[in-house]
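Below, all heavy atoms of this structure are taken into account, side chains as well, without hydrogens, waters or symmetry copies. Residue numbers run from 1 in the order of the sequence given. Model, not experiment: these values are computed from the prediction.
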Amino acid sequence: MSGGAEMIAGAVVQRVAGMLGDNAWERIQLLWNFQEDVQDMKSKMTDLKVALSYADKHSRETDDDALVLRHWLNKYKSVAYDMEDTLDELLTNAMIWENNPCTVKLFFSSINPLIVRITMSSKMRNIRMKLDKIAEDQKKFPSMQLANPTGQDSTDKWRETFIGHTDEIEMVGRAREKKEILIKVLQNDGGQEISIIPVVGLGGMGKTTLAKAVYTDKETHMFDVKAWVHVSMEFQLNKIVSGIISHVEGSTPANIADLQYLKSQLDRILCNKLYLIILDDLWEEGWSKLEKLMEMLQSGKKGSKIIVTTRSEKVVNTLSTIRLSYFHTVDPIKLVGMSIDECWFIMKPRNMENCEFSDLVDIGKEIAHRCSGVPLVAKALGYVMQKHRTREEWMEIKNSNILDTKDDEEGILKGLLLSYYHMPPQLKLCFMYCSMFPMSHVIDHDCLIQQWIALGFIQDTDGQPLQKVAMEYVNELLGMSFLTIFTSPTVLASRMLFKPTLKLHMHDMVHELARHVAGNEFSHTNGAENRNTKRDNLNFHYHLLLNQNETSSAYKSLATKVRALHFRGCDKMHLPKQAFSNTLCLRVLDLGGRQVSELPSSVYKLKLLRYLDASSLRISSFSKSFNHLLNLQALILSNTYLKTLPTNIGCLQKLQYFDLSGCANLNELPTSFGDLSSLLFLNLASCYELEALPMSFGNLNRLQFLSLSDCYKLNSLPESCCQLHDLAHLDLSDCYNLGKLPDCIDQLSKLEYLNMTSCSKVQALPESLCKLTMLRHLNLSYCLRLENLPSCIGDLQLQSLDIQGSFLLRDLPNSIFNMSTLKTVDGTFTYLVSSKVEKLRENLKLEGCCKLDGGSTDLCSRITELKKTHCHELEIQGLEDFKHLEGIEHAILLNSLKLTKLIFSWQPKQYTNETAHHKTVLGMLVPPRSVHHLAIKGYCGIELPKWMLDIRSYLPHLTTIFLHGLMECNRLPPLGCLPHLRALLMTKMPKIKSVGPEFYGDYGSCQKLRMIILASMDNLEEWWTTRSSKQDNELLLIPDLQMLWASDCPKLKFLPYPPRSLTWFIENSNHVLPEHGFGNLTSATYPLHLSIERAPNSPEMWRRAQHLSSIESLTLMSIAGLRALPEAIQCFTSLWRLSILGCGELETLPEWLGDYFTCLEEILIKTCPMLSSLPESIRRLTKLKKLVITNCPVLSEKCQGEDRHKIAHILEPIFLLADTVSRVLVTANWRSKPLDFRWHLSLLKKRKGWLSCRSSLSVAAYQAGLNLDICLSVRQVSRWVRFLALQL
C-alpha cells in the first residue's frame, strides 16, 4: 500500500497558497519591499493548481508514473514549507518592528527593514528558483495540465453539523457473539477458578464495541466490582493496575505510586468480591508480563471473569499457558467479517428509501461487498457516501482499486484510506496531525483545535471564527468514526466555541492510518531508541518524545524544521537552556507535566511559536523575555506554581486561549492583563489566592468564555467586567466570598450561561440581570444566603433554572410564571418556595416526579418501561410490600439513564425477616449513574447493599443524599469520597454512633460539601474531620462547608474541630459548637451567622460560641433561663443583625450593647414578655436602621411612650402584636401616623399553626414597610427540618 508524506503534500501546498492572499502579507510586502517576490510566487502557485490536483489524485496508483508524481509532490511540499517559514518570519519581524516603542534600539537589530531586505533576499530568490524547477518538472507530464477532476474541490458539504454522541451501545450483527460471551460470563464455574475470556479479531472488527455491549448489559449486575481498562500496544503494569483502581474508585493513584502500593490497593478493592474486568486491546505476548498481570488480579472471588480483546492469537496462546492455578482461559471468541447486508445496514445513508435514491442501492451494496466485512470501514465509507449522494461519486468509490484488498489489517487500512481521500485538504491535515498523540491517548478537544489553528491548518474565507471551522472538522471526524467521544461536555452556551470538558479518543486502526498518512512528516522517539528508524530525521515536521529519562539527550537530534513537538512521559528529562536553539520553526510546543522549575531560555527565542503548553510545571515565575513570544495564540499554564505573571504579559496581542486553572498560588493579575485584546477563552478556575481582578479586565472585549470557579478569595467583580460585551459563558461557582454581581451586568448582552453555584454570600441579584435577553442557563444552587430573586426575572428566556439548596430563598416573583421557555427547574431543598416551584413546573407542563407503588405486581415491568419515557425523577413507595423477588432482576435501573432524582421509600412493618428483605430489595434496585439526588427513607436493613458501599463507582455524579429513618443501620457508606457531593441530610438514624475515617474512603475529602443537616441523631457522638481526629496539622476533610445544621443531636462532637461553617443552626446540640476553636486547620470560610435554639443558658455554651467571633448575624431562640445577654458575646463586634425570639425569661438588655455592637443595623425582638425596656446605650447604635418588636406588649408600649427618645434615630421602628384569636395589629411610622391593619386569621383555628399565618403576616408587614420573612425564616426552616421526611 503506497503511503507517505506525499499524501498530505497537496493539502500543504494548497494551504500555503491560500496564505499568500492574506491581508497580512500585503503589509509585509510594503514594509520589506518584497512585492515582486510574493506576487511571483503567488502567480506560479496559481499556474500549478491544476497540476497539483492531478498529481494529488494519481499519486495513489502503483505504477512508475505514480512514483514520479509522489516525488514531485514531496519536492513541491518542501518548497511550500520553506515559503511559509520565510513569510512567517517576515510577518513576525514586521510585528516586532511596528509594536516595539524603542525604534532607536531596533534600528541596529536584525529586524531593521534594511537588514531584513539584505538577509532575506537570498531566501526569497532561492524559493523562486525552486518553484521554477517545480514548474519545469510539471511539463514532463502533459496530463497534469488537464481540467481539474470533479468531486474533490467542494468543501461546503463537509460543513454540516454532526448530530452527536449517545450513551447507547449501538451494535449491528454481533448478537450471536454477544450471547456466546454472556453465557461464558454468567456461567457458574463452581467457584473453582477465575475465567479469562479472549475475544480475537482484526482491528476494526468491533471487538471493543462488543465488549462494551457485554459490559453494560443488565445481566452483568451480579458482579460486585466492574472495571474497564484500555491496555494498548505499550504494556505498562503500573498503568493497567492504576486504570482499574481509577475506574472503580473514581480517582487516580499518584504517578509516583510503586507497584507494591498499587497491589495493596487492588487487593483491597477486589478481595472476596466477584469481579468483571475488561482488558481492552491487549498486545503483549510475553509470558512473564502477562503472568504478573494475572497475579495482580488473583485476590478476587472465584468465579470472577476477565474479558480480553486482542488482535493476536499469540496473546491467547500465552494466556492459556499461564501456570497460576486460579485462572482458566476458555476457548476464544473469534470475530469474522460481517455479511454484506450487515455492512450495508451500517453504511446506508439516511432516507435511502426515498425513490430519488433507489438507483444507488445496488451500487451501495456492491461497495458494501468490498468492505471485507469490517464494520469500521463500513462506517467510515458510509459517512463519505452520506456526503456525496450522486451516482457518479458512488461509482468512483465502487471502482476505486483501493477496495481490492485482502482480508487483513492492510486491507482495512486501505478501506479507511478511501474515506481519507474524500476529505477536503484542510481536514486531511487535521487528521494527519492526530498521529502526534500516542495510541489510546485521551485527546483534549480544545487543545487539539488550538494546535490545528497554531499550525495554520484552519483557514476560512467566509469570515467565520477559526474555532468554529475547527469544531466542524472535529464533527466530521466524529461522523466518520475517525474520532470518538471519550467524555461528554457539561452544559455550555449554545454558541460557545470552547468545550473544556470534552475529551476525544481514536481507534487503534484509525491511529495507524494517521501514522501511515503522516509518513516522514512524523517521527517519534520512545525511550533511548528512536522507534521511527525508517524515517529521515532531517525531514520530519512533527515529533513525539516518549518516556525519556533524566539522562536523555533526544532533544539534540530534533530536525531544525520541526513544527510541533510533544513530550509524553518525560517527567524527569533534563532540558538545558539551549535545548530549543536549533528548532526555531516550532509552532507547537507541549511540555506539560515535566518536573522543571523554569523554562529553558531558548524557548523565548521561538519567534514563530503559537501554542505553548507548560501545564503542571514547577515554575513560580516567568522571565520578562516572555514578551518575545508575540505570535502566541494559545498558552496553557494550568496547575503550575505561578505566583505572578510577567508585568508585560499584555504584549501578547495575538493570545486567544489562556488557561491558568489550578494555579493555586497566583495572587494577582498585572495591570497589562487587560491589553490581551484578542483573548477569547480565559480559565482562572481554582486560583485560590486570587483576590481581585484588575480594572483593566474590562478591556478584554472579545472574551467569550470566563471561568472563575473556586476563586474563593475573590470578593467582587470590577465594574469594568460589564464591558465584556461578547461574553457568553461565565462560571462563578464556589466563589463563596463574592458578595454581589455588578449592577451593570445587563451590559453583558450576549451572556448565555451563568453559574453561581455556592456563591454563599450573595443575598440578592441585581434587577438589571433581567435584561440579559440571551441568558439561557442560570444556576443559583446552594446560594445559601440568597433571599430573593429579581422581580422581573420572568422577562428572561431561560431554558434551565437551578435553585436547589438555596435554603433561605423566601419567595418566587410572580413574573417567573410567565417564563414559558423553561425546560428544567430544580428546586430541591428550597422549602420556603417548594410549593411555588411545583406550581411553576405544573404551569410549564414539565415532567414531574414519577411515583411507583413498590407493592404492585407489575413494578418490574413499569421500571423497565421508564427508559422509553422522559422521566427524570422517580419515587418508589411502599417497598416493604414488595414480594416478587424472583422477578426483581428485571427492575434494574441502570438502563434508565435519564433519571437525575431517585427516592426509595419503606413504611416499616413488623415481620421477622424484614431486615434481610429490605437489603435484598435495595440491592437489586441499583440506580443509574446519571442520578444526582438520592433519598432513602424507612430502610430497616442492618447492612447496606454493595452498590452503596461502593457508591463512588456507581453514582459518581451524586450531589445530594438524604437518609431518613434508617432505624437499624449502624454504618454509613463512604459518602465523603463522592467528588461532587454538596448536601448531606441525615435524620432519625439511632444506631449511628460515630462518623470516622471510613466515611471518607481511602482518598476522599468533602471538597464540594456545602451543607450538612442532621436531625434527631440522638446517639451520634463523634464526627471526625481529619483522618486521625487528632489536633495535628492534618488536612481538614470538610474544608469549605457553608451550612451546618444540627437539631436534637445532644451528644455530637466534631473531632478534633468542627468545620468552619459559614452558617450555624444549633438546636439542642450544644456540643457541636467548637470546644477549642478551630486550631491550625485551614479553611477558606469563616462563620457569619449563628442561630441557637432550645438550649440551656450555660456558661460552657457561651464559651464555645466565642470561637465564632466573626459572625455578623446572631439568633437566640427559646433559650431556657436566659435573663440577660451574657458578656461572652461581646466579642461579636461585627454583628449587624440581632434576633431574640421566644426567650420568655429575658428581663433586660445590657448597657454595653451600644459599646460593642456598633455595627448593628437590625434588631428583632419577639415574644419576650418579661422584657420591659431598651438600654440607653441603644442611642449610640448610629447604624441601626430597623427595629422590630413583636408580641412584647410592655416593651412596645414603653418604646412608644416614655422611651421614645431612645429610638428616635431609627428610621423603621416596627411594632407587631399578634392576637392569637382574630387579628394582627401592625403599627408603623408611629411618629407621623399609626397604621392599624386587621386581618382575620381563621386558619389558626384550623390547627395550621404558625406556618399557615405566614402569608397574612407577610402582607401586613409588607404594607408596613417590613419584610417579615427575615424574621420568620429561621423558625420556619427549623420546623422544616423536623418534618423533612414528609417534604421530599
Side-chain angles (χ1 to χ4, degrees), residues 739 761 763-764 785 787 1087-1092 1102 1105-1106 1108-1117 1119 1122-1143 1146-1217 1226-1232 1234 1261 1264-1274:
K761 284 192 176 181
Q763 294 179 288
R785 303 187 77 194
E787 298 176 351
L1088 290 179
H1089 176 80
L1090 172 62
S1091 174
I1092 302 177
W1102 300 118
Q1106 283 182 307
L1108 278 61
S1109 59
S1110 60
I1111 63 169
E1112 298 176 356
S1113 174
L1114 174 63
T1115 299
L1116 304 176
M1117 186 183 302
I1119 308 298
L1122 183 67
R1123 292 182 171 82
L1125 297 184
E1127 293 185 359
I1129 69 171
Q1130 292 177 359
C1131 63
F1132 300 153
T1133 55
S1134 300
L1135 214 60
W1136 67 271
R1137 179 187 288 171
L1138 174 62
S1139 303
I1140 306 174
L1141 313 173
C1143 295
L1146 184 66
E1147 298 173 350
T1148 181
L1149 295 179
E1151 280 298 327
W1152 49 258
L1153 197 73
D1155 299 322
Y1156 290 95
F1157 295 168
T1158 55
C1159 296
L1160 269 178
E1161 297 181 20
E1162 297 180 10
I1163 296 179
L1164 166 66
I1165 303 173
K1166 182 183 185 310
T1167 316
C1168 299
M1170 302 293 292
L1171 188 61
S1172 57
S1173 65
L1174 298 175
E1176 283 287 340
S1177 65
I1178 199 172
R1179 302 172 64 181
R1180 297 197 290 275
L1181 299 179
T1182 56
K1183 295 183 179 180
L1184 192 61
K1185 299 175 182 177
K1186 186 175 291 185
L1187 173 65
V1188 181
I1189 300 176
T1190 304
N1191 219 19
C1192 302
V1194 178
L1195 181 61
S1196 295
E1197 183 178 352
K1198 201 165 186 179
C1199 286
Q1200 296 178 79
E1202 60 186 277
D1203 282 355
R1204 178 179 296 192
H1205 66 285
K1206 295 181 181 179
I1207 56 175
H1209 62 295
I1210 302 174
L1211 296 177
E1212 301 181 52
I1214 307 295
F1215 304 95
L1216 294 158
L1217 180 61
V1226 180
T1227 305
N1229 298 327
W1230 52 273
R1231 281 189 298 272
S1232 55
L1266 169 69
N1267 196 331
L1268 190 64
D1269 285 337
I1270 295 175
C1271 316
L1272 305 185
S1273 59
V1274 171

For S1196, does its backbone N or O pair with a side-chain atom of Q1200 as donor and acceptor, under 3.5 Å?
-> yes

- Query: I1111 versus L1135: any side-chain heavy-atom pair under 4.5 Å?
  - Reply: yes

Please confirm whether the backbone N or O of S1177 pairs with a side-chain atom of E1151, one donor and one acceptor, at under 3.5 Å?
yes

Here the pair of heavy atoms bringing K1186 nearest to V1188 is CG-CG2, 4.0 Å

What one should report as the nearest heavy-atom pair of K1198 and S1172 is CD-O, 3.1 Å

Exactly one of L1141, T1190, N1191 clears side-chain contact (heavy atoms from CB on, under 4.5 Å) with T1167, and that residue is N1191

In this structure, CD1 of I1119 is separated from CD1 of I1092 (nearest 0.5 Å) by 6.0 Å

Rounded to the nearest 0.5 Å, the CH2 atom of W1136 sits from the NZ atom of K1185 at a distance of 9.5 Å

Of L1164, I1210, L1211, the one forming a side-chain contact (heavy atoms from CB on, under 4.5 Å) with L1187 is I1210

Residues L1125 and W1152: closest non-hydrogen pair is O-CZ2, 3.7 Å

Taken to the nearest 0.5 Å, the spacing of T1148 OG1 from M1170 CE works out to 11.5 Å

Practice task
Check the pair M1117 / K1166 against side chain to side chain contact (heavy atoms under 4.5 Å, CB included), numbers first and verdict last.
Solution key: CA-CA 9 Å; M1117 186 183 302; K1166 182 183 185 310; over 6 Å; no

Inset, instruction - Go through the steps to decide whether L1122 and C1143 satisfy the test side chain to side chain contact (heavy atoms under 4.5 Å, CB included), and finish with yes or no. - result: CA-CA 7 Å; L1122 183 67; C1143 295; 4.1 Å; yes

dist I1165:CD1 -> C1199:SG (nearest 0.5 Å) comes out at 7.5 Å

Checklist entry - Does the side chain of H1209 reach to within under 4.5 Å of the side chain of T1182, using non-hydrogen atoms? => result no

Heavy-atom closest pair (S1110 atom, P1087 atom, distance to 0.1 Å) is OG-O, 2.7 Å

Nearest heavy-atom approach of L1174 to D1203 is N-OD2, 4.2 Å

Looking only at heavy atoms, the pair that brings I1178 and K1206 closest together is CG2-O, 3.5 Å

Taken to the nearest 0.5 Å, the spacing of E1147 CD from R1123 CZ works out to 6.0 Å

- Short side-chain to backbone donor-acceptor contact, Q1106 and A1128, under 3.5 Å: yes

With a 6.0 Å cut-off (strictly less than), is the heavy-atom count around CD of E1176, excluding the residue itself, greater than 12? yes

Output for pair (L1116 CG, I1129 CD1), nearest 0.5 Å, gives 6.5 Å

Handout entry: Heavy-atom side-chain proximity of S1134 to C1159 below 4.5 angstrom
Key = no

